[in-house]
Student: 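Mind looking over this structure? Questions follow.
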Amino acid sequence: MAADIWTALFIALLAAFVGYEVISRVPVLLHTPLMSGSNFIHGIVLVGAIVALGLATTPLEDAIGLVAVVMGALNVTGGYMVTVRILAMFDRSKGKGGAP
Amino acid sequence: MAADIWTALFIALLAAFVGYEVISRVPVLLHTPLMSGSNFIHGIVLVGAIVALGLATTPLEDAIGLVAVVMGALNVTGGYMVTVRILAMFDRSKGKGGAP
Amino acid sequence: MTSYVQDAINAVYVVAVLVFILGLKAMSGPSTARRGIVYAGAAMLLAVVVTFASPGLSNFLLIFVGVAIGGLGGWYWARVVKMTAMPQMVAMFNGMGGGSAAAIAAVEMLGHLSDLTSSSLSLAGAVIGSISIAGSIIAFLKLQGWMTSKPIVLPARQVVNTAVLVVGVGFGLYALVVLHTFWLLPFYVLLLLYGILLTLPIGGADMPVVISLFNALTGIAVGLDGFALVNGPLGDAGYAMVIAGVLVGAAGSLLTLLMAKAMNRSVSNVFFSAFGATEETGAAVQGQLKPIDAADAAIQMAYANQVIIVPGYGMAVAQAQQKVKELADLLEAKGVTVKFAIHPVAGRMPGHMNVLLAEAGISYDKLFDRDEINAEFPATDVAFVIGANDVVNPAAHRQGSPLYGMPILDVEQAKNVIVNKRGQGKGFAGVENDLFYRDNTRMLYGDAQTAVGKLVSELKKAT
Amino acid sequence: MTSYVQDAINAVYVVAVLVFILGLKAMSGPSTARRGIVYAGAAMLLAVVVTFASPGLSNFLLIFVGVAIGGLGGWYWARVVKMTAMPQMVAMFNGMGGGSAAAIAAVEMLGHLSDLTSSSLSLAGAVIGSISIAGSIIAFLKLQGWMTSKPIVLPARQVVNTAVLVVGVGFGLYALVVLHTFWLLPFYVLLLLYGILLTLPIGGADMPVVISLFNALTGIAVGLDGFALVNGPLGDAGYAMVIAGVLVGAAGSLLTLLMAKAMNRSVSNVFFSAFGATEETGAAVQGQLKPIDAADAAIQMAYANQVIIVPGYGMAVAQAQQKVKELADLLEAKGVTVKFAIHPVAGRMPGHMNVLLAEAGISYDKLFDRDEINAEFPATDVAFVIGANDVVNPAAHRQGSPLYGMPILDVEQAKNVIVNKRGQGKGFAGVENDLFYRDNTRMLYGDAQTAVGKLVSELKKAT
Ligand SMILES: NC(=O)c1ccc[n+]([C@@H]2O[C@H](COP(=O)([O-])OP(=O)(O)OC[C@H]3O[C@@H](n4cnc5c(N)ncnc54)[C@H](OP(=O)(O)O)[C@@H]3O)[C@@H](O)[C@H]2O)c1
Ligand SMILES: NC(=O)c1ccc[n+]([C@@H]2O[C@H](COP(=O)([O-])OP(=O)(O)OC[C@H]3O[C@@H](n4cnc5c(N)ncnc54)[C@H](OP(=O)(O)O)[C@@H]3O)[C@@H](O)[C@H]2O)c1
């Protein structure tokens, strides 16, 4: 157990760096789609919710697990759709270069 | 066992991203010190060498382990010293700005 | 057998994480952004599907029902919502993620309260997830207009808020210590309350920063849940949650800072100063407002060589973008060069103006950044400001002004300036704008949609 | 007890990894670079020290002896070596890392050949580590001049090399399959041989790229070793090795590509074309070389308003930097403005010129990048090229030339050009340089140290 926490810490540390580096030079124009896109990515919470509900044993756990799944699914599909729609607005950008 | 390989894969994946991102915009001027600095960082091999020798049981393992430790120690101290010396050359750069 | 299945599942998670990162990377450049989200979406789908194969799951019917309700609901809602309601949509879906994280933590704590490491991590995830869902819902209500978007400032709020937070977390810790799940109830109630109290005093205009911060928080909550679950049922899927969550946590935190910086605020200022509630700064301004009517304004523009249109928040609330497009088309038909000057924080979310104008069908190569267009104002006959205020306020050049240091569009250098707004309303920062009093400035009063509409009919008449 | 010790050790590794990353980040900006390496060094020291506390270790005496020998040796060697020998030093220490990784893999395979996953990973680490040490030693010998730095091209080398590699790896796999450690011996021998064969055909001037690639390879070998050891004795220290190793692997690979790009080569070209062995391209050049003697050159410079000095590889091999500094001081004493134009790949390692000139005490704000100074040549009275050739070759502007596309210093636009070199030797790319034949160019023949020395004495005489 204890060892795995350390492993997870290594992972968290690296993930934080990656997240930071990836965003570090983004134009203001893309702040909103990027916020929405990263919103979509934490929709991975649905995976955790499925497992939690799948392993729930009492009715209370079932109920809370169901709430978790519904909310997770809302997050993931809504987040995806909103991002796609926002980015579709930028699609006319084709003409004008933009970042390399 | 099998599970830990996956964990290590996650870690390797993230580390590769971090390495890539960190270097992605470096001026030519710093290529040599950076090469030398990253050379130093893989000197962490010394840690592995110490453990390998520390757990060696046969004379052959002892001998090879000793070679590993000596080489690892050469890597780490030499890599450090060389990098410091190269960077010391750049120290006059103070006057002239440089990257932010 | 199970081991191979587990290996296959893990492989999918590793690939999914890889694609998430690449997707996020792609999303930070305009030309690759769409590809990025599509790939990330495919990876997510895969990750969710393989999770069903995880060993030991039951309750499949419930899971399907839950995924179906949430999935279809989210899909539908996100499709039908109007483009202008996007910020509150993002807030809402983000809140859902935080709620899900809090609920997962609850299930975990109900089942395994005795494993102290896991429960502590779950508790932390529950704290952050609860704040995120409650706060996001308030943000949603404010932006949607179902609640006043004015800051709501309760008495002694710093003290009360802190007390709610501390007592709430105290209940949670007590539950872990006495191993009694009942105490999780007041814990959740108080934490949700804290999320509400934290968000109430924040004005609607600051919401993009707030949403971004809650987004980062949800990421961290998800990461903590993943942490807690790694050794339990989730195995390596836990790592996928840790990575995706922390990734978003870090990226979102940075994004929050960048956003706040782009509008010249600090994050703590956003959260703790109840900006806009009381502020009413600004030196007394000399001069007079000189109105102009639509007919005269139309003539001035029609005979100009170059017109630069500067849209702002007022254009967005009035939904005037279609009319603006018509106006631009008519002017161009008369041989006038029309350009749009887009300030990065014009409107109420980053990229707001680009999104609206692009939606109205205005070609992207007529939109210019601050840096690209500022030099052109002196050679411009008419600068037409539609519902913008702060982003053209020369007070930004004056030390001491609350706007000081914000980069602005130098509209005042144009030969003539026509400003459309409804009356004497101030901008988001609440600062007087002496641009409106300058000799070369005329005021075209009225709601942006109506006013621009009138310009359009005048121009049509003239043809 | 052990568990707490283990936790403490792990915490140190996590912190060490964090500092490594921050250190590497800092090292990629000139102003923060020194701080970066110092922090990384402190973290490394800590990581090594806590490793001694790992549970179950014995053999402490041997370990101390090994660390002492290697540590003191590396320290001393790196301190006393001349600045000009830095590239081969880096190669050597990098090779040591690869060798260490290969040796660790050997110990691991000797002890636990039966664990297939770990041994396969160790084998992979051994392959890469062996190539890296053997190749690095060849690179060292070439750069140190203990072996000809000309490409050594053996007949049918592609076939032979591939055969050596395949058979070698075959022995290794066979050892894993039959569980007999004896077969590791031919495995190691052939892999070391492969590393030698791979590096022999590469010319001395390409070595920076090669060293950088071996550096990345060593990183990967270390990462693989860590991978193999994670479940075994190392535990989370294995992860630290994986992270540091892969970090360097990725950073080093990118750095290799960037370096190759900066000198207009591709990496596969470097490895497989034996560049410089046969090449002798270049169109016939019209015109004549017009020599100048030191006295005339000195006068021209002394009466100039501005002199730009362009140092190149020849200045480095001749060790003329001190003389150059004297020259610059004398000219400045006479009121001449002296600037240095530094091409990024002048010399034989990136940053070579900056390092040498800075070492000689020339102030950094007299050194200018290509971008900063190219526009100044037309207004310059004398451009003085010291042992540079390719970086000032106008052929780079001509399609079809091997140099085509390389950004150069536009020396030919100066009013007068004085070029110091020993004779008619070509530059690294082996291309004729028609700059030397231009009307405004004069050749000052001789070894750079001697020639610049003469200029200095002439100038002193004139005072
Ligand atoms: N973009 C972002 O991400 C973001 C996010 C949050 C905050 N902000 C802040 O928001 C501000 C944006 O500047 P801005 O110049 O776009 O807007 P602004 O400074 O908020 O000014 C908007 C102006 O539009 C007028 N207006 C309101 N409704 C109108 C209507 N229906 N028709 C015509 N005019 C109308 C108002 O005056 P009347 O009342 O007299 O009509 C007001 O002066 C900046 O201070 C920025 O920092 C930006
Ligand atoms: N910086 C890097 O990282 C790096 C690494 C590898 C390769 N390279 C390559 O190296 C080249 C560098 O260009 P460069 O212009 O600096 O050098 P170069 O093109 O190699 O030319 C050097 C010139 O110096 C002369 N020279 C040699 N020894 C001398 C001495 N003792 N005194 C005076 N002159 C002497 C040679 O002519 P004589 O024989 O007639 O004297 C030769 O023409 C580029 O092609 C670059 O791509 C660079």
Side-chain angles (χ1 to χ4, degrees), chain B residues 1 4 8 11-12 15-16 18-20 22-23 26 28-29 31-39 41-56 61 64-75 77-84 86-87 89 92-93 95-96 98-99, chain D residues 20 24-25 27-31 33-34 37 41 51 57 59 63 66-67 69-71 74-75 78 89-90 93-94 96-97 99-101 103-104 106-107 110 212 215 218-219 222 225 227 231 233-234 237 241-244 246-248 250-252 254 259 262 344 349-351 355 358 364-365:
Chain B
M1 170 85 240
D4 267 309
I11 289 186
V18 173
Y20 182 90
V22 163
I23 301 300
V26 52
V28 176
L29 182 63
H31 283 177
T32 300
L34 206 55
M35 174 164 76
S36 160
S38 56
N39 174 20
I41 283 176
H42 65 52
I44 187 84
V45 73
L46 177 58
V47 165
I50 290 174
V51 174
L53 177 53
L55 299 173
E61 287 176 26
I64 302 180
L66 182 62
V67 170
V69 169
V70 172
M71 285 183 165
L74 271 166
N75 181 174
T77 52
Y80 179 79
M81 203 59 222
V82 165
T83 311
V84 166
I86 295 181
L87 286 175
M89 302 278 84
R92 294 159 185 281
S93 69
K96 228 182 110 201
Chain D
F20 288 165
L24 205 56
K25 237 173 110 73
M27 255 185 276
S28 46
S31 53
R34 284 199 81 190
I37 181 71
T51 304
L57 293 198
N59 259 344
I63 297 180
V67 171
I69 295 178
W75 192 264
M89 264 310 86
V90 175
F93 292 131
N94 172 46
M96 293 298 109
S100 185
I104 294 172
V107 175
L110 288 175
S212 177
N215 188 34
T218 297
V222 172
D225 274 4
F227 237 113
N231 287 281
L234 256 116
M241 278 175 73
V242 171
I243 296 175
V246 175
L247 192 73
V248 173
L254 183 59
M259 273 194 192
M349 66 176 180
V355 167
Y364 199 86
D365 47 66

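The shown structure was predicted, so the numbers you read here are calculated from the model rather than taken from an experiment. A, B, ... follow the sequence lines: proteins, then strands. Residue 1 opens every chain.
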Student: Given the rule in the side-chain contact (heavy atoms from CB on, under 4.5 Å) test, do B:Met35 and D:Met259 qualify, once you have shown the distances and angles that lead to the verdict?
Tutor: CA-CA 10 Å; B:Met35 174 164 76; D:Met259 273 194 192; 3.8 Å; yes

Student: With rounding to the nearest 0.5 angstrom, report the CH2 to CG distance, D:Trp75 to B:Leu74.
Tutor: 13.0 Å

Student: For chain D, which candidate among B:Leu53, B:Ile64, B:Val67 shows the most heavy-atom pairs at distances under 4.5 Å?
Tutor: B:Leu53

Student: For residues D:Val107 and B:Glu61, report the shortest heavy-atom separation together with the two atoms involved.
Tutor: CG2-O, 4.0 Å

Student: To the nearest 0.5 Å, how far apart are CG in D:Asn94 and OG in B:Ser36?
Tutor: 10.0 Å

Student: Looking only at the side chains, is there a donor atom on one of B:Asn75 and D:Ser100 sitting less than 3.5 Å from an acceptor on the other?
Tutor: no

Student: How long is the straight-line distance from CD1 of B:Ile41 back to CD1 of D:Ile37, given to the nearest 0.5 Å?
Tutor: 7.0 Å

Student: Would you say that B:Ile50 contacts D:Leu57 through its side chain, given a criterion of any heavy-atom pair below 4.5 Å between the two side chains?
Tutor: yes

Student: Could you walk me through whether B:Val18 and D:Lys25 pass the side-chain contact (heavy atoms from CB on, under 4.5 Å) check?
Tutor: CA-CA 10 Å; B:Val18 173; D:Lys25 237 173 110 73; over 6 Å; no

Student: Taking all heavy atoms of D:Ile104 and all of B:Gly48, pick out the closest pair and write down the distance.
Tutor: CD1-C, 3.6 Å

Student: Rounded to the nearest 0.5 Å, what separates atom CE in D:Met241 from atom CG in B:Leu46?
Tutor: 9.5 Å

Student: Identify the two heavy atoms, one from B:Gly37 and one from D:Met27, that lie closest to each other, and give their separation to 0.1 Å.
Tutor: CA-SD, 3.8 Å

Student: For the atom pair OG1 (D:Thr218) and CG (B:Asn39), what is the distance rounded to the nearest 0.5 Å?
Tutor: 7.5 Å

Student: Locate the shortest heavy-atom distance separating B:Ala8 from D:Val242; write the atom from each residue and the value.
Tutor: O-CG1, 4.3 Å

Student: Can you name the closest pair of heavy atoms from B:Ala15 and D:Leu247 and give their distance?
Tutor: O-CD1, 3.7 Å

Student: Under 4.5 Å, counting heavy-atom pairs only, tell me which of B:Val69, B:Thr32, B:Val84, B:Val26 racks up the most with chain D.
Tutor: B:Thr32

Student: Looking only at heavy atoms and a cut-off of under 4.5 Å, which of D:Ala103, D:Ala106, D:Ala101, D:Gly99 has the most pairs with chain B?
Tutor: D:Ala103

Student: Look at D:Val222, D:Leu254, D:Val246 and state which one has the largest set of heavy-atom pairs under 4.5 Å with chain B.
Tutor: D:Leu254

Student: For B:Met81 versus D:Ala78, what's the shortest heavy-atom pair and its separation?
Tutor: CB-CB, 3.4 Å

Student: Do the side chains of B:Ile44 and D:Phe20 get nearer than 4.5 Å, heavy atoms only?
Tutor: yes

Student: I need the D:Asn215 CG to B:Ser38 OG distance, nearest 0.5 Å.
Tutor: 4.0 Å

